[in-house]
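None of the values given here were measured: they were computed from a predicted structure. Just so you know, these numbers use all the heavy atoms, side chains as well, and skip hydrogens, waters and symmetry mates.
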There are 2 protein chains.
Amino acid sequence: MTRDRIIDEALAIVESDGVDQLSMRKLAAQLGTAPTTIYWHVGGREQLLDALVERYTSRLVASAVSGRSPAERIVSAARQFRDHARDHPHLSAVAHERGLGATVALPLQLALARELTAAGLRGRRAGRAMRTILYVVGGFVLLEPRLPPATPARRPSEDLWRDVEDADIDLGILQEMRAPPDLGDVFEHTLELLVAALLRGARPAR
Amino acid sequence: MTRDRIIDEALAIVESDGVDQLSMRKLAAQLGTAPTTIYWHVGGREQLLDALVERYTSRLVASAVSGRSPAERIVSAARQFRDHARDHPHLSAVAHERGLGATVALPLQLALARELTAAGLRGRRAGRAMRTILYVVGGFVLLEPRLPPATPARRPSEDLWRDVEDADIDLGILQEMRAPPDLGDVFEHTLELLVAALLRGARPAR
DNA sequence: ACCTGAACACCGTTCAAGT
DNA sequence: ACCTGAACACCGTTCAAGT
């Protein structure tokens, strides 16, 4: 038995079935060994989860940013956070829980920072833009897997809104809230609006 | 023993110590009864959590929106989501996990919808604005308790950024990312920007 | 150095038995 | 109708004992 084998096996379980399905005893059984062996090689459950995230992080690479205009490239960099979280929802969740979210996200953050710089933002304004985009995107990425259809709600928002009668609320809002959301559309729309506002007046560095 | 006493006690535990600290056996001991009594009165753990959220929701009331301009009032309505989540982080988390987030949030959502309508937004545009604000705020509210200082990260973002050397990244971004974030400031700044963009050209209803 | 079984202190849940 | 204890099938973790 080796530390590597244990971590690989655990990583596979978490990636496919989520962290709830990972137990020291089940993992040991699956590896054909005693639970205590895991303790010797990697330590307790928390250390195992940390090791998982570390291995996963080391495999990560930011893919290339696309788009011609600065705004397009910034949105493209931001989209990578979402794409990544959608591809590895369970591991993203574990990384966050273990306080390692920043470690996982760093390569993507650097790519975004470069695009903001290339767009001509400087100083305090650039810093603010970075934080703003980061938190909007980070929040969206946390929100998405908790929304239907990823997680079916027992009291879906649409149903609750169907019972709403309020003359002070516009019909367009009622219609929107009574239909299932198009998350991709909201993501793109929000980012475009935000990036446009953040870039207003900035001149791309040559 | 009554159903009400059980739920109240469980609610108190979750509210103060979080859902991880709620166990059927500990709760029973605290109530001076056998675990099985809880099963008779409210059912298993999941049903107990649902009952918790239901009771909590029934106590909720949206407080009044403040501000003179439409934009100020919209931001004020949005801010209530954050204030509420900060006041009851554990219960918000449980509501989300149990797919009851929409139920809890509905009163606040209605207040926001009314302000958007009062600001003069109509139809498809009003619907989109609603979703946009809702998801930005909802995401922020999920993100905030996972960020330092609420949850101390083992590899804080600030530390990771201290080691970054990259001529293609503006110094303002590096400085911002190396300092602890002012979450309240980011929240306000993001919302003001977003609401301004969403309201552009809209005329308040009479 | 590496692996084991036994044991401890917990869980949630079921069910037959009591009153 | 309401409550109980015993039992089942799980957990994570420790530790003395083996090789």
Under a 4.0 Å threshold between the charged nitrogen and the carboxylate oxygen, would [Y] count as salt-bridged to [X]?
X: B:Asp50; Y: B:Arg98; value: yes
X: A:Asp163; Y: A:Arg155; value: no
X: B:Asp8; Y: B:Arg55; value: yes
X: B:Asp185; Y: A:Arg128; value: yes

Legend entry - Partners passing side chain to side chain contact (heavy atoms under 4.5 Å, CB included) against B:Glu192 (at least two apart in sequence or in another chain): B:Glu188
Inset, instruction - For the residue pair A:Ile74 and A:Leu112, establish whether any side-chain heavy-atom pair is separated by less than 4.5 Å. - result: yes
Inset, instruction - Please examine the side chains of A:Gln109 and A:Phe81, heavy atoms only from C-beta on, and report whether any two atoms are closer than 4.5 Å. - result: yes
Inset, instruction - Would you mind listing every ring pair (Phe, Tyr, Trp, His ring centres under 6.0 Å) that reaches into residues 107-132 of chain A, with sequence neighbours excluded? - result: none
Inset, instruction - Taking atom C1' in both C:dA16 and D:dC2, compute the distance separating them and give it to the nearest angstrom. - result: 15 Å
Inset, instruction - Quote, to the nearest angstrom, the P distance that separates D:dA9 from C:dA9. - result: 22 Å
Legend entry - Exercise: identify the closest heavy-atom pair between A:Leu121 and A:Ala129: CD1-CB, 3.7 Å
Inset, instruction - Check whether any side-chain N or O of B:Ser157 sits under 3.5 Å from a backbone N or O of A:Ala102 as a donor-acceptor pair, and report yes or no. - result: no
Inset, instruction - Look at the side chain of B:Arg73 and the backbone N and O of B:Gly67, then say whether any donor-acceptor pair between them is shorter than 3.5 Å. - result: yes
Inset, instruction - Could you list by number each residue of residues 42-53 of chain B showing a heavy-atom separation from DNA chain C of less than 4.0 Å, or answer none if no residue does? - result: B:Gly44, B:Arg45
Legend entry - Within residues 12-30 of chain A: residues closer than 4.0 Å to DNA chain C (heavy atoms): A:Arg25
Legend entry - Outermost nucleotides of DNA chain C that come under 4.0 Å of a non-hydrogen atom of chain A: C:dA1 to C:dA7
Inset, instruction - For DNA chain D, write out the stems as range with range, using runs of 3 or more consecutive Watson-Crick or G-U pairs with both distances under 3.5 Å. - result: C:4-8 with D:12-16, C:12-16 with D:4-8
Inset, instruction - Just say parallel, tilted or perpendicular for the rings of A:Tyr56 and A:His84, cut-offs at 30° and 60°. - result: parallel
Inset, instruction - Rounded to the nearest 0.5 Å, what's the gap from CG on B:Leu27 to CG on B:Leu31? Could you check? - result: 4.5 Å
